[in-house]
Structures are given as structure tokens and as C-alpha cells.
*Asks:* 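Got a structure for you, questions after.
Both counts, for ligands and for their atoms, begin at 1 and track the order of listing. Side chains are part of it too, since the values below use all heavy atoms of this structure and drop only hydrogens, waters and symmetry mates.
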Amino acid sequence: MPDLKIKIKDVLLKNPIIIASGTPTYGLSMVKKCIRSEAAAFVTKTLCYTEWLQKQPRPRWHIEHPGAIDNGGYFSLYSTERLNPTPPDEYVQKMKEYAKEAHDFDVKVIASIAGTDPGTWSKLTDLVTENGADMIELNLQCPHVEKGQLTGMVAGRDPELCYSILQLVRKRTSLPIIGKVVGEGTDPIQIARRMIAGGADAVVITGRFQGLYLNIETEKPIHWGGMGGYGGFWQAPITRKWLVRAAEADLGAPVIGGAGIGAFEDVVSYLLCGAAAVQTCSAAIVYGHKIIKRWLRQISGWMEAKGYDSIADFSGRSVSKIIAPSQIPGDVPYVARIDQNACQKCLRCLEACPYAAISVVEKKLVVDPEKCDGCRLCVALCQQGAAEFFQK
Ligand SMILES: Cc1cc2nc3c(=O)[nH]c(=O)nc-3n(C[C@H](O)[C@H](O)[C@H](O)COP(=O)(O)O)c2cc1C
């Protein structure tokens, strides 16, 4: 069996999968599922002292294209789920108890905190340090925040605020600190760099986005109004991009791949892009915590087939294979052809072809090889697999 262990700072994780803070770590019943899921660690639902952030709007969930969950398509999770409803002082008493059980299963507990001013950042740091957390994660990406507060994406978009919050927390704890980086409205690499300079031992790149759903009849946002957290597996290519940029920037601390994991291939690809570990939330919501066990089996199978004994054998291997835009060749000739047996004559490719290379000849769709540029748009669009593509 390949060895899946990885290390973050001095903490040994039995494999690279961490369950991210959110619904899959909400409340004790979810914590029990995390402990038995075979994930190496989980991040508690974020603790905070702000009363309105502890209250949950009802309803607060919307899923766009839920039918895509089971057929491999893209859906989006939209929610106004706020932070941990249990007051921190009460929650850490439970945390102290379940941390013992987690350790019996070799699962690490990462306490997520969100202060709103220096006082609450300090208080929360002390509280989780003294009550059984193995690591601390600073939630500097939460979308449900008010202007002017020293928390969530409001503070998280400002590199110098991130730096000073990290410094403050660093001074109060010897536990490893993970900074969670916001994915929009700023440069995540610059934020990560300042978090590490302030004392972060690792960073998560990135959380999900902020979005808005409007009901055009009422002309108001759905549910209660306001904006929500917005994400899904479609975030994976964006996360891969940032992971590569982080590897190129050589930040000097482990980077945990965040948003967008929907399959074991995403876990592998994040590691190939230089992630030391990954966090996953949406997949645990839509497939259940049991998905982690399946992914771990699949990752081991992939490693065996590739002849890799450990994560270090392939970690970051794709980074050097990514070339600059100017190096992508512009002169390799390709051409498309249409398989008449498969073509349903929907004309989508004909309409879309920017070279006017596709036309109807004797009731058949044909490609003019002289006009065809080899861009592959017709192949990408064709839902019957009728457009074929080959090098000239
Ligand atoms: C409903 C919901 C609630 C979340 N709550 C938290 C939270 O309390 N603290 C936090 O740091 N992140 C929270 N997140 C963000 C996730 O931890 C994660 O970063 C994000 O969903 C991207 O990962 P994914 O694509 O695997 O879902 C939440 C996400 C969702 C979907």
C-alpha cells in the first residue's frame, strides 16, 4: 500500500484529506462522522463571539442544478449559513471531549476561529489552544461579514490586516496556525505571503466566493435578501491556477488546496499542482462523509498504477510543466471532420464556427479543411461526439 502520510509543520497527518469547516463539521453528529470518515483531520465550524453570526437564517440553502450532483455535471451550492451557533466557551468543552476520541482514530482537530477585533481574536486563540485543538485555522474568507469588522473576507482582502491578525495570534499560541485565504477581490498569493510573514505555518488557497441570487418577480434576493456564499466543483480549475502560482512564488510554507474538489482526480491534481494537503466541504455535503474513504482507495490505486510510494513522489510534479502563454505553439495544424452517422444536425457547430468552415452540403454537415483552423470548438460543443479532430 502506498504511504499517504503528509506533514504540516510538525503535525503528521495520516493522509492529505482534511474536511473543511462548514456544514460537514457542524454540530456533534457531524463531528462523529468526520472522526469515522478516514479523513486525516477536520476543521471545526468557525467559532466566533458575534451574536448575529451565531444565528442562522431559515431558510438558508439553495442548490443550482441539483440534478447535476449525480450525473457528473456542475452545480452550485449557495448558502447563507453563518458561523458556529454554539458560544465558543461552551463549544470548547465539547471539543475537549471529542478531541480525545478523534485522537484514538488518529484524526486531528483544527479549530477554526473568527475574531472581529484584536480582543476577540486573542480570546478565541487562547480558548482553543487550551482546549484540545491540534491546529488553529483563521477564517479570513467568510462572505457573511459587515464592513469595518476585523474578520472574514473584509479583513481577508487586506494583506496588512491579515499580517497583523496573524502576528497577534502567533504571539499567543504555539499551535500550528493555518491562514484561510479569500479567493476573490484580491491576489491570494499576496495575501498568503503576508499571512506567512505574520506567522502562519500553512495557508488554505482558497475559500469559496460571494454571490447573489435574485428573484426577478419580486426583484429581491431569494430567501432573506443579501448575498450568500457561492461555490461548487467548477472552482477546481481556479484553485489549481492559484496552487501553481503559489508554488511558483515559493511561499516557504505548506499550501493546502481549497475550493472545488469533487472527485479523487481533483485531490491528485491539487497535489500535482503543489498542494501539501487538501480541504473539502461541498463534496462531503452532497455525497456524504463516506466519499473520503472511496477517494483514499482511488488515490492509492492511482499511486500504485503510477509506481508512487509516497505523496512526496509526485507532489508538485505538474508545476514545471505549465508553460507561459507565449510558449504555447500557434502553428501546429489540426483539422476537424464530422462523422455523418453520429451527427444529429443540430447545427450548433455550424453556427459557432468562427471560420465559416462548416456548411450543409447535400443535407450533410461537412467541414472544409481549407477553411478549418483546427481550433476544436466544434468538437468541444458536439454532444453526439460526431465532430472528430486530428493533426494534419
Ligand atoms: C454551507 C457552507 C458553510 C461554510 N461554513 C464555513 C465556516 O463556518 N468557516 C469556514 O472557514 N468556511 C466555511 N465554509 C467554506 C468551506 O470550508 C470551504 O472553504 C468552501 O466550501 C470551499 O470548499 P469546497 O469547494 O470543497 O466546498 C462553508 C462552506 C459551505 C458550503
*Asks:* side-chain contact (heavy atoms from CB on, under 4.5 Å) with Met135: which of Val11, Leu175, Val43, Ile18?
*Replies:*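 Answer to the side-chain contact (heavy atoms from CB on, under 4.5 Å) test with Met135 among Val11, Leu175, Val43, Ile18: Val11.
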
*Asks:* Taking non-hydrogen atoms only, is Ser282 closer than 4.0 angstrom to ligand 1 via side chain, backbone, both or neither?
*Replies:*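 Near ligand 1, Ser282 shows its backbone as well as its side chain.
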
*Asks:* On the 0 to 90° scale, with breaks at 30° and 60°, tag the Phe233-Tyr287 ring pair as parallel, tilted or perpendicular.
*Replies:*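 Because their plane-to-plane angle lies in the 30° to 60° range, the rings of Phe233 and Tyr287 count as tilted.
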
*Asks:* Hey, does Gln141 come in under 3.5 Å of ligand 1, counting only N/O atoms on both sides?
*Replies:*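 In this structure, Gln141 places an N or O atom under 3.5 Å from an N or O of ligand 1.
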
*Asks:* Decide whether the shortest distance between a heavy atom of Trp61 and an atom of ligand 1 is less than 4.0 Å.
*Replies:*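 Judged by the 4.0 Å heavy-atom criterion, Trp61 does count as contacting ligand 1.
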
*Asks:* Identify the two heavy atoms, one from Asp201 and one from Lys9, that lie closest to each other, and give their separation to 0.1 Å.
*Replies:*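 For Asp201 versus Lys9, the nearest heavy atoms are OD1-CD, 3.3 Å.
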
*Asks:* Between Cys281 and ligand 1, is there a nitrogen or oxygen pair with a distance under 3.5 Å?
*Replies:*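 For ligand 1, there is an N or O atom that lies under 3.5 Å from one belonging to Cys281.
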
*Asks:* If the plane angle is over 60° it's perpendicular, under 30° parallel, otherwise tilted; pick one for His62 and His223.
*Replies:*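 The arrangement is perpendicular - the two ring planes meet at more than 60°.
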
*Asks:* Can you sort out which atoms of ligand 1 are near Leu83, meaning under 4.0 Å from one of its heavy atoms?
*Replies:*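 Every atom of ligand 1 under 4.0 Å from some heavy atom of Leu83: 8 (O).
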
*Asks:* Please determine which of Ile69, Thr23, Val286 meets the side-chain contact (heavy atoms from CB on, under 4.5 Å) test together with Leu77.
*Replies:*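 Exactly one pass, corresponding to Val286.
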
*Asks:* Give me the residue, atom name and distance of the protein heavy atom closest to atom 8 (O) of ligand 1.
*Replies:*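 Ranking protein heavy atoms by distance from atom 8 (O) of ligand 1, first comes Lys45 NZ, 2.9 Å.
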
*Asks:* In terms of residue, atom name and distance, what is the protein heavy atom nearest to atom 3 (C) of ligand 1?
*Replies:*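 I find the closest protein heavy atom is Glu81 OE2, 3.3 Å.
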
*Asks:* Could you identify the single nearest non-hydrogen protein atom to atom 20 (C) of ligand 1 and state the distance to 0.1 Å?
*Replies:*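 Ranked first by proximity to atom 20 (C) of ligand 1 is Arg208 CD, 3.7 Å.
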
*Asks:* At what distance is the nearest protein heavy atom to atom 13 (C) of ligand 1, and which residue and atom is it?
*Replies:*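 So the nearest neighbour among protein heavy atoms is Ser21 O, 3.0 Å.
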
*Asks:* Any N or O on Thr46 sitting closer than 3.5 Å to an N or O of ligand 1?
*Replies:*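 Yes, since at least one N or O of Thr46 sits under 3.5 Å from an N or O of ligand 1.
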
*Asks:* Start with the C-alpha gap between Glu81 and Arg58, add the side-chain angles, then the distance that decides, and say whether salt bridge (charged side-chain N to carboxylate O under 4.0 Å, His left out) holds.
*Replies:* CA-CA 9 Å; Glu81 179 179 300; Arg58 302 175 179 89; over 6 Å; no

*Asks:* Is the charged tip of Lys392 near the ring of Tyr334: under 6.0 Å from the six-membered ring centre and within 45° of its axis?
*Replies:*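 No, Lys392 does not lie over the aromatic ring of Tyr334.
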
*Asks:* Taking the minimum heavy-atom distance to atom 15 (C) of ligand 1, which of His144, Gln235, Lys180 ranks first?
*Replies:*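 That would be Lys180.
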
*Asks:* How far is atom 10 (C) of ligand 1 from its nearest protein heavy atom, and which residue and atom is that?
*Replies:*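 Going by distance alone, atom 10 (C) of ligand 1 is nearest to Asn139 ND2, 3.3 Å.
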
*Asks:* Would you compute the distance between atom OH of Tyr230 and atom OG of Ser76 and round it to the nearest 0.5 angstrom?
*Replies:*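 Answer for the OH-OG pair, Tyr230 versus Ser76, is 3.0 Å.
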
*Asks:* Among all protein non-hydrogen atoms, which one is nearest to atom 23 (O) of ligand 1, and what is the separation to 0.1 Å?
*Replies:*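 For atom 23 (O) of ligand 1, the nearest protein heavy atom is Ala259 CA, 3.5 Å.
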
*Asks:* If you define the side chain from C-beta out and look only at heavy atoms, does anything of Ile191 sit under 4.5 Å from Thr206?
*Replies:*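 Side chain of Ile191 against side chain of Thr206, heavy atoms only: no contact under 4.5 Å found.
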
*Asks:* For atom 2 (C) of ligand 1, what's the nearest protein heavy atom and its distance?
*Replies:*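 Nearest neighbour among protein heavy atoms for atom 2 (C) of ligand 1, to 0.1 Å: Thr23 OG1, 3.9 Å.
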
*Asks:* Hey, is Gly260 one of the residues with a heavy atom under 4.0 angstrom from ligand 1?
*Replies:*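 Per 4.0 Å heavy-atom rule, Gly260 contacts ligand 1.
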
*Asks:* Could you identify the single nearest non-hydrogen protein atom to atom 4 (C) of ligand 1 and state the distance to 0.1 Å?
*Replies:*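 The protein heavy atom lying closest is Gly22 CA, 3.5 Å.
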
*Asks:* Could you tell me whether the side chain of Tyr78 reaches within less than 4.5 Å of the side chain of Ile222, counting heavy atoms only?
*Replies:*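 With C-beta onward as the side chain, the pair touches.
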
